[in-house]
Amino acid sequence: MVRVRFAPSPTGYLHVGGARTALFNWLFARKMGGKFVLRIEDTDLERSSQEMSFEILQALRWLRLEWDEGPIYQSRRLVIYRRMAERLVREGKAYYCYCTKEEIEERRRASGKKVWKYDRRCLHLSQEEKERFEREGRPRAVRFLVPPGVTEYQDLILGRVSVKNDEIEDFVLLKSDGYPTYHLSVVVDDHLMKITHVIRGADHIANTPKQILLYRAFGWEPPLFAHLPLILGKDRKKLSKRHGETSVLAFRERGIVSLAMVNFLAQLSWSPGEDKDFYTMEELAERFSLEKVRKSNPIFDLDKLAWLNSKVISALSAGDIWPELLPFLEREGIKEESEAKKDWVFRVIELIKERSRDLLEMARKIKRYIRNDFDYSEDALRKHWKEGAKDGLRRLRQVYAGLDSLDAASAEASLRALAEEMGVKAARLIHPLRVALLGERVSPPIFHVVEVLGKEEVLLRIDRALRELPDV
RNA sequence: GCCCCCGUCGUCUAGCCAGGUUAGGACACCGCCCUUUCAAGGCGGCGGCAUGGGUUCAAGUCCCGUCGGGGGCGCCA
């Protein structure tokens with residue numbers, strides 16, 4: 001049984017890199033019929049916060065990456081890590097280190113080297129020295145005794161990775177305050193939670209040999225490892241705050257739909273190798289495989305995300321869009337009205353979705369359909385409110401008022417007939433009508449707009465334009 | 001500095017593992033078509049195997065060097 005996990009540390013919001021890691025784990029679990037475990041690595045009490053844990057869960061829910069087990073908080077498992085560290089000390093695979101940060105810094109400086117490995121001073125302490133330190137009540141950390149040799153593993157994405165053990169220093173397992181370091185807690189938990197595949201960012205490559213050594217020291221079988229290429233910013237540096245918004249929830253705020261975000265993330269470093277723009281979550285899971293993950297670092301490109309978003313919005317039904325749209329309707333102050341005439345708003349959504357890049361824009365457009373007190377855009381007036389506009393609109397109003405029913409077909413036929421009668425091109429009537437109905441330079445095909453607004457509302461809006469817009 | 005990883009259009013990528021294609025698609029950009037506007041759609045254009053060597057009848061694909069990029073080197077995770 002495949003078991004994978006996503007193990008964020010709640011020291012910040014969920015950024016796009018973390019979200020992609022979570023997504024790939026989720027996809028792999030779904031593909032393999034396995035389990036996806038969520039574990040919160042909050043052992044750094046200084047930097048972790050409850051709010052951030054909550055934020056991360058929110059983000060995962062938005063992306064629909066539901067977890068099968070958890071969230072498991074490491075901060076509640078401290079006794080386990082301590083016991084495990086003690087076990088290694090007892091077995092001579094780890095040792096107490098009484099060096100203070102200052103002493104280490106001092107020796108590092110004295111060595112004159114930029115990089116300095118721990119010198120194992122405390123490994124060679126005499127019995128008397130140890131006893132003295134203990135009597136003095138000096139705080140002690142537990143360091144792992146790195147054995148000689150070479151550590152190799154077969155990365156599911158990168159292939160064989162090999163590191164000489166003498167490149168690795170005796171890293172700390174248990175800090176002197178009794179909290180575990182990442183290496184200890186991650187290995188203990190992954191083993192206890194029976195994780196079979198560790199899928200994480202490439203920034204962990206160098207940690208892997210250390211952790212494998214730990215598995216061996218405990219006598220445990222290590223899981224398989226897969227390291228995902230790091231997502232880079234436009235400057236080709238690891239994506240961070242300096243590249244603008246990288247929090248996934250910030251994209252939700254900007255009107256990106258969840259499915260677009262997922263598809264965008266999924267297709268960074270991975271490709272199903274088909275000519276298809278986007279997939280449902282299920283389709284992604286079906287097609288996913290670690291072998292198809294590329295090794296090189298992709299660059300985060302907002303253009304592609306924006307395009308994908310408009311594609312997804314166009315493809316989704318009004319009903320699918322609705323739940324994600326609600327917060328934006330609320331922002332525009334039209335949530336209640338929209339809910340009251342939901343079916344009608346659905347018709348509007350179907351009309352405008354193909355031209356909406358994001359939900360922000362969509363909500364703004366919907367407002368013009370719901371409310372007829374909009375401002376006429378300067379742009380629209382300049383472009384379409386020209387000579388004869390008012391006169392044409394006046395005559396069009398008469399025609400429309402005389403019609404029994406005003407649907408797209410009759411609206412178009414009667415407008416074209418009127419244009420012919422007046423000896424002008426239909427566009428001379430169409431554009432002023434567009435300005436009158438929505439106050440914007442561009443819109444969906446105007447006769448569809450007429451139909452969805454309905455006769456009464458159309459006449460109302462024409463009257464308003466005749467009343468308020470300047471004579472030309 | 002040391003260690004590890006990577007290198008196909010500006011960007012995301014297919015092709016590489018099992019050498020033989022005019023190196024394919026998508027985004028962006030630029031034209032044209034369609035058209036009541038804007039999108040969408042259709043057609044076309046621009047643009048790439050980092051580089052040097054080797055193996056081979058044949059190299060984007062295999063090997064080595066160089067260059068370039070990234071990551072790591074914490075009592076952070």
Side-chain angles (χ1 to χ4, degrees), chain A residues 7-12 41-44 46-48 74 97 99-101 104 113-118 139-143 155 157-159 161-164 166-169 171-183 185-186 200-209 227 229-230 232 234 236-238 264 267-277 291-292 294-308 310-311 314 352-357 380 383-384 412 415-416 419 425-435 438 440-447:
Chain A
S9 81
T11 53
E41 310 221 320
D42 55 349
T43 54
D44 181 352
E46 300 276 294
R47 300 193 307 155
S48 299
Q74 289 191 322
C97 174
C99 299
T100 63
K101 223 166 179 158
I104 286 175
K113 289 184 200 148
K114 273 190 197 156
V115 290
W116 179 85
K117 258 172 48 190
Y118 180 67
R140 65 185 191 196
V142 174
R143 279 187 189 270
D155 192 289
I157 291 168
L158 301 172
V161 178
S162 164
V163 172
K164 293 178 213 58
D166 58 18
E167 302 287 346
I168 306 172
E169 79 168 351
F171 52 95
V172 171
L173 296 176
L174 203 64
K175 305 180 216 171
S176 51
D177 63 4
Y179 280 78
T181 62
Y182 166 69
H183 296 296
S185 59
V186 81
R200 76 226 301 199
D203 46 349
H204 285 293
I205 293 175
N207 292 331
T208 307
H227 289 97
L230 259 18
L232 268 29
K234 279 224 186 304
R236 293 177 187 279
K237 298 276 183 242
K238 186 174 159 185
F264 178 69
Q267 296 182 68
L268 280 181
S269 302
W270 177 78
S271 159
E274 296 170 44
D275 190 13
K276 189 164 149 65
D277 295 330
E291 289 121 60
K292 280 195 254 174
R294 286 172 57 86
K295 300 177 183 178
S296 56
N297 301 336
I299 293 171
F300 190 70
D301 174 29
L302 283 326
D303 282 343
K304 189 76 172 263
L305 176 59
W307 171 81
L308 206 47
S310 66
K311 281 297 261 194
S314 306
I352 64 173
K353 69 183 190 186
E354 202 173 281
R355 296 149 244 268
S356 301
R357 301 273 292 173
K383 188 92 195 236
H384 295 312
E412 175 159 17
L415 180 143
R416 289 194 188 281
K425 290 170 82 176
R428 301 278 290 195
L429 293 173
I430 285 171
H431 292 309
L433 178 60
R434 192 189 315 283
V435 174
L438 293 168
E440 287 194 307
R441 189 172 59 80
V442 302
S443 80
I446 201 64
F447 304 114

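These numbers were taken from a predicted model, which means no experiment stands behind them. Convention: sequence-line order gives letters A, B, ...; per-chain numbering from 1.
- Rounded to a whole Å, the CG atom of A:Asn297 is 11 Å from the P atom of B:rG72.
- Residue-level contact check: A:Phe447 touches the bases, meaning some heavy atom is under 4.0 Å from a base atom.
- Residues A:Asp177 and A:Leu268 each lie close to RNA chain B; by heavy-atom proximity, the contact nearer the 5' end of the strand is made by A:Leu268.
- A:Ser162 comes within 4.0 angstrom of sugar-phosphate atoms only, judged by non-hydrogen atoms across all strands, and of no base.
- Contact annotation for A:Arg236: backbone-only contact, meaning every heavy-atom pair under 4.0 Å involves sugar-phosphate atoms and none involves a base.
- Put simply, CZ on A:Phe264 is 9 Å from C1' on B:rU11, counting in whole angstrom units.
- Atom CD of A:Glu354 is separated from atom P of B:rU37 by 15 Å (rounded to the nearest Å).
- A:Pro445 comes within contact range of at least one nucleobase, with a heavy-atom separation under 4.0 Å.
- Ring pair A:Phe300/A:Phe264 is perpendicular by interplanar angle, where above 60° counts as perpendicular and below 30° as parallel.
- Taking the P atom of each, B:rG1 and B:rU61 are spaced 29 Å apart, rounded to whole Å.
- A gap of 15 Å separates the C1' atoms of B:rU22 and B:rC49, to the nearest Å.
- If you measure from atom CZ of A:Phe300 to atom P of B:rG70, you get 19 Å, rounded to the nearest angstrom.
- Base pairing of B:rC49: no nucleotide in any strand meets the Watson-Crick or G-U wobble criterion (both distances under 3.5 Å).
- Nucleic acid contact for A:His204: base, since at least one base atom lies under 4.0 Å from a heavy atom of the residue.
- At a threshold of 4.0 angstrom between heavy atoms, the contacts of A:Pro444 include nucleobase atoms, whether or not backbone atoms are also involved.
- Nearest to the side chain of A:Val163, among B:rC4, B:rU37, B:rC76, sits B:rC4.
- A straight line from CG of A:Asp277 to P of B:rC27 spans 7 Å, rounded to a whole angstrom.
- Taking every heavy atom of both residues into account, A:Pro180 and A:Lys175 meet most closely at O-CE, 3.5 Å.
- Between the base of B:rU36 and the side chain of A:Arg428 there is no donor-acceptor pair shorter than 3.5 Å.
- Note that CG of A:Leu232 is 6.0 Å distant from CD1 of A:Ile299, once rounded to the nearest 0.5 Å.
- The separation of B:rA23 from B:rG45, taken at their P atoms, amounts to 15 Å, rounded to a whole angstrom.
- Relative to the side chain of A:Ser296, the nucleotides B:rC5, B:rG70, B:rG7 differ in distance, and B:rG7 lies closest.
- Taking atom C1' on both B:rG71 and B:rC76, the two are 16 Å apart, rounded to the nearest angstrom.
- Not less than 6.0 angstrom separates the ring centroid of A:Tyr182 from the ring centroid of A:Phe171.
- Between B:rA58 and B:rG53, the distance separating the two P atoms is 15 Å to the nearest Å.
- Among the protein residues, A:Ala426 comes within range of no part of the nucleic acid, since none of its heavy atoms lies under 4.0 Å from any strand.
- Closest to the side chain of A:Glu167, out of B:rU37, B:rC2, B:rC75, is B:rC2.
- Straight-line distance from the CG atom of A:Asp155 to the C1' atom of B:rC17: 16 Å, rounded to whole Å.
- Residue A:His183 has its side chain nearest to B:rA77 when only B:rG41, B:rG71, B:rA77 are considered.
- A:Glu412 comes within contact range of no nucleotide atom at all, as no heavy-atom separation falls under 4.0 Å.
- Searching all strands for a Watson-Crick or G-U wobble partner of B:rA40 with both distances below 3.5 Å returns nothing.
- In this structure, of B:rC5, B:rC75, B:rC2, it is B:rC75 that holds the atom nearest to the side chain of A:Lys175.
- B:rC67 and B:rU55 have their P atoms separated by 23 Å, given to the nearest Å.
- A donor-acceptor pair under 3.5 Å is formed between the side chain of A:Asp155 and the backbone N or O of A:His227.
- Taking a 6.0 Å sphere around NZ of A:Lys292, one finds it holds more than 12 heavy atoms contributed by other residues, nucleotides or ligands.
- As the counterpart of B:rA26, B:rU11 is assigned, both hydrogen-bonding distances of the Watson-Crick or G-U wobble pattern falling under 3.5 Å.
- For B:rG1, the paired base is B:rC73 (Watson-Crick or G-U wobble, both distances below 3.5 Å).
- Residue A:Lys425 holds its NZ atom at 9.0 Å from NE2 of A:His431, rounded to the nearest 0.5 Å.
- Distance from the side chain of A:Thr43 is smallest to B:rA77 among B:rA77, B:rC16, B:rU36.
- Panel note: side chain A:Thr181, backbone A:Val172; a donor-acceptor pair is recorded below 3.5 Å.
- Atom CD1 of A:Ile299 and atom P of B:rA26 are 21 Å apart (whole Å).
- When the C1' atom is used for both B:rC27 and B:rG47, the distance is 13 Å, rounded to whole Å.
- With distances taken from any side-chain atom of A:Lys237 to the nucleotides B:rC16, B:rG70, B:rC6, the minimum falls on B:rG70.
- With respect to A:Lys117 and A:Asp166, no salt bridge is recorded, no charged nitrogen being found less than 4.0 Å from a carboxylate O.
- Residues A:Arg355 and A:Arg140 each lie close to RNA chain B; by heavy-atom proximity, the contact nearer the 5' end of the strand is made by A:Arg355.
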Could you go through A:Asp44 and A:Arg47, starting from their C-alpha distance and side-chain angles, then the distance that decides it, and tell me whether this counts as salt bridge (charged side-chain N to carboxylate O under 4.0 Å, His left out)?
CA-CA 6 Å; A:Asp44 181 352; A:Arg47 300 193 307 155; 2.9 Å; yes

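- For A:Val115, whose side chain is taken as the heavy atoms from C-beta onward, the closest listed nucleotide among B:rC73, B:rU36, B:rC4 is B:rC73.
- When heavy atoms are screened at a 4.0 angstrom cut-off, A:Gln267 is found touching the sugar-phosphate backbone but no base atom.
- Counting any heavy atom pair closer than 4.0 Å across all strands shown, A:Lys276 reaches no nucleic acid atom.
- Using modelled atom types, one finds no donor on one side chain facing an acceptor on the other under 3.5 Å when comparing A:Ser176 with A:Arg140.
- A cation-pi geometry, defined here as NZ or CZ lying under 6.0 Å from the six-membered ring centre and within 45° of its normal, holds between A:Arg143 and A:Tyr118.
- Side-chain proximity of A:Ser176 to B:rG1, B:rC6, B:rC75: nearest is B:rC75.
- Among the heavy atoms of the strands lying under 4.0 Å from A:Lys238 are primed sugar atoms or P, OP1, OP2 only; no base atom is included.
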Under a 4.0 Å heavy-atom criterion, the protein footprint on nucleotides 19-25 of chain B, written with B, S and -, is ------S

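- In this structure, A:Arg294 places its CZ atom 7 Å from P of B:rG7, rounding to the nearest Å.
- Within the nucleic acid shown, A:Pro180 comes within 4.0 Å of sugar-phosphate atoms alone, with no base atom in reach, counting heavy atoms only.
- One cannot find a donor-acceptor pair under 3.5 Å joining the base of B:rC38 and the side-chain atoms of A:Ser443.
- Pair assignment for B:rC34 gives none, since no Watson-Crick or G-U wobble pairing has each distance under 3.5 Å.
- A gap of 23 Å separates the P atoms of B:rC9 and B:rC5, to the nearest Å.
- For A:Arg47, the listed nucleotide lying nearest its side chain is B:rA77; candidates were B:rA77, B:rG71, B:rC12.
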